[in-house]
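We number each residue from 1, following the sequence as shown. In this text, all values refer to a predicted model and were calculated from it rather than measured experimentally. Because only heavy atoms are used, hydrogens play no part in the values below, and waters and symmetry mates are left out as well, while side chains stay in.
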Amino acid sequence: MRETRSDGELLRAIAADADRRAFEELYRRYAPWLLARLRGRCADPGLVDDVVQETFLAVWRGTARYREEGDVAGWLWRIGSRRLIDALRGDGARGRLRQALARIRHRDEESAEERVLAGVEHGDLAGALVRLSPELRAVLQATVIDGLTTREAAVLLGIPPGTVKTRAMRARKQLREELA
């Protein structure tokens, strides 16, 4: 019977030796999980399949480096979710076409996203976010911007779920006080 290698051993073998078997084992271990998670965030199965492929290609090519901190699943989730967000924002040809059509239809209207981003860039919110500690900002990034659950954020950040909740509560309180 063959001994199962740890996630870290697989990733080291992939990075150091381009070990195809290690890559296949990592893929079999995590691709179904990542596919299911991303399908919960996006209704386009073709896009989700592409994102999972791109995520594992980044691992194979070495453009995504695991720092041996935290959980491998959380690391893969972060890569996959960011790639999905990029795809949904329209970094592809379909997205550029959609954006062009949207601009034609609503030339004079500022989108809600543009209004929020202007407030973040030029308003009090930007300064309040900068003044948060890195730990509080990281929790807000994971839970609000990346849309992760408390449990997912805990895995991603390598801290207990209770700590995620506490830091999120402290961050919201500090932002409310500064913006009031």
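Residues R5 and R29 share a closest heavy-atom pair of O-NH2, 2.9 Å. In terms of heavy atoms, W60 sits closest to D19 at CZ3-O, 3.8 Å. P32 and R28 make their closest contact through CD-O, 3.5 Å (heavy atoms, listed as atom of the first residue, atom of the second, distance). Counting all heavy atoms, side chain and backbone alike, A154 lies closest to P160 at CB-C, 3.9 Å.
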Checklist line | Stepwise side-chain contact (heavy atoms from CB on, under 4.5 Å) test for D71 and L76 | finding: CA-CA 9 Å; D71 186 56; L76 287 169; over 6 Å; no
Item checked: Test side-chain contact (heavy atoms from CB on, under 4.5 Å) applied to L175 and L140, step by step -> CA-CA 11 Å; L175 287 174; L140 282 184; 3.7 Å; yes
Check: Which is it for D7 and Y30 under the side-chain contact (heavy atoms from CB on, under 4.5 Å) test, yes or no, and what are the steps along the way?
Finding: CA-CA 10 Å; D7 294 341; Y30 287 103; 2.4 Å; yes
Note to self: Would R83 and V52 count as a side-chain contact (heavy atoms from CB on, under 4.5 Å) here? Give the steps.
What the structure shows: CA-CA 9 Å; R83 289 181 186 270; V52 170; over 6 Å; no
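The line from CZ of R172 to CD of E177 is 13.0 Å long, rounded to the nearest 0.5 Å. Distance check: L84 CG to D50 CG gives 10.5 Å after rounding to the nearest 0.5 Å. Atoms CZ and CD1, on R61 and I14 in that order, are 14.0 Å from each other to the nearest 0.5 Å. The CE atom of M169 sits 11.0 Å away from atom CG of L136, with the distance rounded to the nearest 0.5 Å. Note that the CG atom of L34 and the OG1 atom of T55 stand 5.5 Å from one another [nearest 0.5 Å].
Salt bridge absent: R12 and D17 never bring a charged side-chain N and a carboxylate O closer than 4.0 Å. Under 4.0 Å is where a charged nitrogen must lie from a carboxylate oxygen, and between E25 and R21 no such pair does. With respect to R39 and D44, no salt bridge is recorded, no charged nitrogen being found less than 4.0 Å from a carboxylate O.
Around the CD atom of E135, the shell of radius 6.0 Å holds more than 12 heavy atoms that belong to other residues, nucleotides or ligands. Other residues, nucleotides and ligands place more than 12 heavy atoms under 6.0 Å from the CZ atom of R41.
By the 4.5 Å heavy-atom criterion applied to side chains, F23 and L10 are not counted as neighbours. Looking only at side-chain heavy atoms (C-beta outward), R82 and R78 come within less than 4.5 Å of each other.
Remark: the backbone N or O of V139 is not paired with any side-chain donor or acceptor of R167 at under 3.5 angstrom. Here the side chain of Q174 pairs no donor or acceptor atom with the backbone of A171 at under 3.5 angstrom. In this structure, the side chain of T163 does not engage the main chain of I159 through any donor-acceptor pair within 3.5 Å.
The side-chain contact (heavy atoms from CB on, under 4.5 Å) test with L38 is passed by exactly one of D49, V51, L47: V51.
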